[in-house]
*Asks:* 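My questions all concern the structure below.
One-based numbering along the sequence shown.
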Amino acid sequence: MSTVFFSYSHKDEDLRDRLEVHLAMLKRQGLIDAWHDRRIVVGSELDNSIRSELEKADVILLLVSPDFLASDYCYDVEVKRAMERHAAGEAKVIPVILRHCDWKSAPFGKLLVAPKDALPVKKWPDLDEAFLDVVQKIKDALPKVKSTPDAPIREKLITKSATQATRSSNLRLAKTFTEADKDRFLDEGFSFMSKFFENSLQELERRNEGIETTFRKIDANRFTAVIYRQGEAVSRCKIQLGGRFETGISFSSNDRIDDGSYNESLDVEMDEQGLYFKALGMGDWSSRGERHLTYEGAAEYFWSMLMRPLQDKSR
């Protein structure tokens with residue numbers, strides 16, 4: 001069994017929790033034991049406990065964000081020692097990029113990072129997909145276990161367990177979210193989507209000759225977008241707060257202000273660790289209906305619906 005050590009900022013605790021959920025199968029298979037500072041026993045000395053576990057870790061995850069880089073303890077203590085152990089071949093260090101930040105100039109900047117292409121976890125359309133990619137990187141970094149009879153393996157696990165504090169690592173509690181939390185998530189998601197469409201329309205026009213676009217913000221709750229090719233409208237949409245049951249964000253494939261119909265709707269839902277958008281599933285991108293969409297994923301989904309008529313005509 002390998003020990004996986006989390007080095008992270010407490011401001012990213014929600015993302016650390018989600019990643020730990022994705023490590024469940026590696027735990028069930030007896031391949032890893034995950035450790036972070038929330039496992040410190042009451043009464044233990046904080047710094048000594050962290051340093052002790054850092055020295056024993058086989059895989060060290062650096063959960064990188066602006067807050068992580070700004071933390072003196074994470075950067076000056078944990079990152080420094082992690083890189084020393086990595087250089088000595090004593091442990092594998094895996095930087096996991098959670099949010100955009102200036103990580104390339106950090107001591108771990110030349111290591112292979114996760115998720116793939118160094119796309120921050122928060123920028124993935126679906127957080128589950130991002131963390132699945134991270135889990136695969138962790139799995140690849142684990143020491144290769146030789147095929148041996150079951151009994152010696154069990155004996156090794158029991159011996160390791162006996163030398164550690166006898167308690168569970170399953171200490172995570174389900175988070176609760178208020179109506180205010182959901183409304184805030186919805187409002188922030190809509191604001192993100194509005195800016196996403198405005199910027200994307202400008203870039204589409206800049207890159208493609210003969211393409212014109214318009215973006216019109218009607219009010220705080222509605223905006224429209226139109227794409228023209230050679231002066232002819234190819235695709236239109238209206239996006240507004242108020243989808244199914246008037247609680248989500250709806251997409252209409254026309255820009256008529258007085259039209260109350262919609263072609264797709266995103267609702268705010270939650271699981272034990274966070275809030276997310278879920279599509280009703282009316283669009284052709286039907287697989288999105290089962291996915292936990294971030295702000296980015298929700299905006300990209302509606303953008304694909306606007307672009308579909310344009311891309312179909314260009315084939």
*Asks:* Verify the cluster assignment for Tyr73 and Phe5: are they in a single hydrophobic cluster under the rule of side-chain heavy atoms below 4.5 Å apart?
*Replies:* yes
*Asks:* So, the side chain of Thr213 versus the backbone of Glu205: is there a donor-acceptor pair under 3.5 Å, distance only?
*Replies:* no
*Asks:* Under a 3.5 Å distance rule, please check whether Ser71 uses its side chain to pair with a backbone N or O of Ser9 as donor and acceptor.
*Replies:* no
*Asks:* Do you know the tightest heavy-atom contact between Ser265 and Asp267?
*Replies:* OG-OD1, 3.8 Å
*Asks:* Rounded to the nearest 0.5 Å, what's the gap from CG on Leu15 to NZ on Lys122? Could you check?
*Replies:* 5.5 Å
*Asks:* side-chain contact (heavy atoms from CB on, under 4.5 Å), that's the test. Do Leu62 and Val96 meet it? Break it down for me.
*Replies:* CA-CA 6 Å; Leu62 308 179; Val96 179; over 6 Å; no
*Asks:* Assess whether a salt bridge exists between Lys27 and Glu20, defined as any Lys/Arg side-chain N lying under 4.0 Å from an Asp/Glu carboxylate O.
*Replies:* yes
*Asks:* Tell me which one of Arg184, His292, Met270 satisfies side chain to side chain contact (heavy atoms under 4.5 Å, CB included) with Leu275.
*Replies:* Met270
*Asks:* Minimum heavy-atom separation for Ser253 and Asn263, please, with both atom names.
*Replies:* N-OD1, 2.7 Å
*Asks:* Measure the spacing between CE of Met307 and CD1 of Ile227 and express it to the nearest 0.5 Å.
*Replies:* 5.5 Å
*Asks:* Which pair of heavy atoms, one from Ser235 and one from Leu306, lies closest together, and at what distance?
*Replies:* OG-O, 2.6 Å
*Asks:* Taking 4.0 angstrom as the limit, do Glu232 and Arg229 come out as a salt bridge?
*Replies:* no
*Asks:* For residues Tyr276 and Leu98: do they belong to one hydrophobic cluster (side chain heavy atoms under 4.5 Å, members Ile, Leu, Val, Met, Phe, Trp, Tyr)?
*Replies:* no
*Asks:* Determine, for Asp14 against Arg18, whether the closest basic-nitrogen to carboxylate-oxygen distance falls under 4.0 angstrom.
*Replies:* no
*Asks:* Could you tell me whether Lys137 and Asp140 have a side-chain N and a carboxylate O separated by less than 4.0 Å?
*Replies:* no
*Asks:* Please evaluate residues Tyr301 and Glu264 with respect to the criterion side-chain hydrogen bond (donor to acceptor under 3.5 Å, both in side chains), reporting the C-alpha separation (whole Å), side-chain torsions for both, the decisive distance (0.1 Å), and the verdict.
*Replies:* CA-CA 10 Å; Tyr301 179 35; Glu264 181 60 289; 2.4 Å; yes
*Asks:* Between Arg207 and Glu203, does any side-chain N to carboxylate O distance fall below 4.0 Å?
*Replies:* yes
*Asks:* Could you check whether the rings of Phe197 and Trp303 sit parallel, tilted or perpendicular, using 30° and 60° as the cut-offs?
*Replies:* perpendicular
*Asks:* In terms of ring plane angle, is the pair Phe223 and Phe190 parallel, tilted or perpendicular, where the classes change at 30° and 60°?
*Replies:* tilted
*Asks:* side-chain contact (heavy atoms from CB on, under 4.5 Å), that's the test. Do Ile218 and Gln240 meet it? Break it down for me.
*Replies:* CA-CA 10 Å; Ile218 302 168; Gln240 65 180 22; over 6 Å; no
*Asks:* Between atom OH of Tyr228 and atom CD of Glu212, what is the distance when rounded to the nearest 0.5 Å?
*Replies:* 8.0 Å
*Asks:* Is there a side-chain contact between Ser7 and Phe68 (heavy atoms, below 4.5 Å)?
*Replies:* yes
*Asks:* Please examine the side chains of Ile138 and Lys92, heavy atoms only from C-beta on, and report whether any two atoms are closer than 4.5 Å.
*Replies:* no
*Asks:* Checking the side chain of Thr224 only, and the main-chain atoms of Lys238 only, is there a donor and an acceptor separated by less than 3.5 Å?
*Replies:* no
*Asks:* Just so I know, are the side chains of Met83 and Val93 near enough to count as touching, which here means a heavy-atom distance under 4.5 Å?
*Replies:* yes
*Asks:* Would you mind reporting whether Asp58 and Leu142 have side-chain heavy atoms less than 4.5 Å apart?
*Replies:* no
*Asks:* If you look at every heavy atom in Ile97 and Pro115, which pair is closest and at what distance?
*Replies:* O-CD, 3.8 Å
*Asks:* Is Thr294 reaching over with its side chain to a backbone N or O of Trp124, donor-acceptor style, under 3.5 angstrom?
*Replies:* yes
*Asks:* Under 3.5 Å, side chain of Asp33 to main-chain N/O of Thr3, donor-acceptor pair present?
*Replies:* no
*Asks:* I need the minimum non-hydrogen distance between Ala225 and Leu201, along with the two atoms involved.
*Replies:* CB-CD1, 3.6 Å
*Asks:* Would you give the length of the straight line joining atom CZ of Arg216 to atom CD1 of Ile257, rounded to the nearest 0.5 angstrom?
*Replies:* 4.5 Å
*Asks:* Donor-acceptor check, side chain of Asp271 to backbone of Gly274, threshold 3.5 angstrom: yes or no?
*Replies:* yes
*Asks:* Under 3.5 Å, is there a donor-acceptor pair between the side chain of Ser252 and the main chain of Asn254?
*Replies:* no
*Asks:* List the atom of Leu310, the atom of Leu204, and the distance in Å for their closest heavy-atom pair.
*Replies:* CD2-CD2, 4.2 Å
*Asks:* Using side-chain contact (heavy atoms from CB on, under 4.5 Å), reason through Ile239 and Ile249 one step at a time and then give a plain yes or no.
*Replies:* CA-CA 7 Å; Ile239 295 176; Ile249 304 176; 3.6 Å; yes
*Asks:* For Arg236, does its backbone N or O pair with a side-chain atom of Asp255 as donor and acceptor, under 3.5 Å?
*Replies:* no
*Asks:* Within a radius of less than 6.0 Å around CD of Glu179, do more than 12 heavy atoms belonging to other residues, nucleotides or ligands occur?
*Replies:* no
*Asks:* Taking Ile94 as the starting point, is it possible to reach Leu119 by hopping between hydrophobic residues whose side chains are less than 4.5 Å apart?
*Replies:* no
*Asks:* Taking 4.0 angstrom as the limit, do Asp12 and Arg99 come out as a salt bridge?
*Replies:* yes
*Asks:* Is Glu55 salt-bridged to Arg81, cutoff N-O under 4.0 Å?
*Replies:* yes
*Asks:* Tell me, do Leu111 and His86 make a side-chain contact under 4.5 Å, heavy atoms counted?
*Replies:* yes
*Asks:* For a ring-ring contact (aromatic ring centres under 6.0 Å, His included) check, start with the C-alpha distance between Tyr295 and Phe196, then their side-chain angles and the critical distance, and finish with the verdict.
*Replies:* CA-CA 10 Å; Tyr295 295 164; Phe196 181 97; over 10 Å; no
*Asks:* Going from OG on Ser49 to CG on Leu54, what distance comes out if it is rounded to the nearest 0.5 angstrom?
*Replies:* 12.0 Å
*Asks:* Between Asp67 and His10, is a side-chain hydrogen bond (donor to acceptor under 3.5 Å, both in side chains) present by the stated rule, with each step listed?
*Replies:* CA-CA 9 Å; Asp67 293 300; His10 284 176; over 6 Å; no
*Asks:* Strictly distance-based, threshold 3.5 Å: is any side-chain N or O of Arg85 a donor or acceptor partner for the main-chain N or O of Ala57?
*Replies:* yes
*Asks:* Strictly below 4.0 Å, N to O, side chains only: are Asp219 and Arg222 in salt-bridge contact?
*Replies:* yes
*Asks:* Show your reasoning for whether side-chain contact (heavy atoms from CB on, under 4.5 Å) applies to Arg16 and Leu19.
*Replies:* CA-CA 5 Å; Arg16 188 216 68 204; Leu19 174 54; 5.7 Å; no
*Asks:* Are Ile32 and Phe131 connected in a single hydrophobic cluster, I mean Ile/Leu/Val/Met/Phe/Trp/Tyr linked by side-chain heavy atoms less than 4.5 Å apart?
*Replies:* yes
*Asks:* Roughly how far, to the nearest 0.5 Å, is the CE atom of Met193 from the CZ atom of Phe277?
*Replies:* 6.0 Å
*Asks:* Within the 4.5 Å heavy-atom criterion, are Asp183 and Asp181 side-chain neighbours or not?
*Replies:* no
*Asks:* Hydrophobic clustering (ILVMFWY, side-chain heavy atoms < 4.5 Å, transitive) - are Tyr75 and Val64 grouped together?
*Replies:* yes
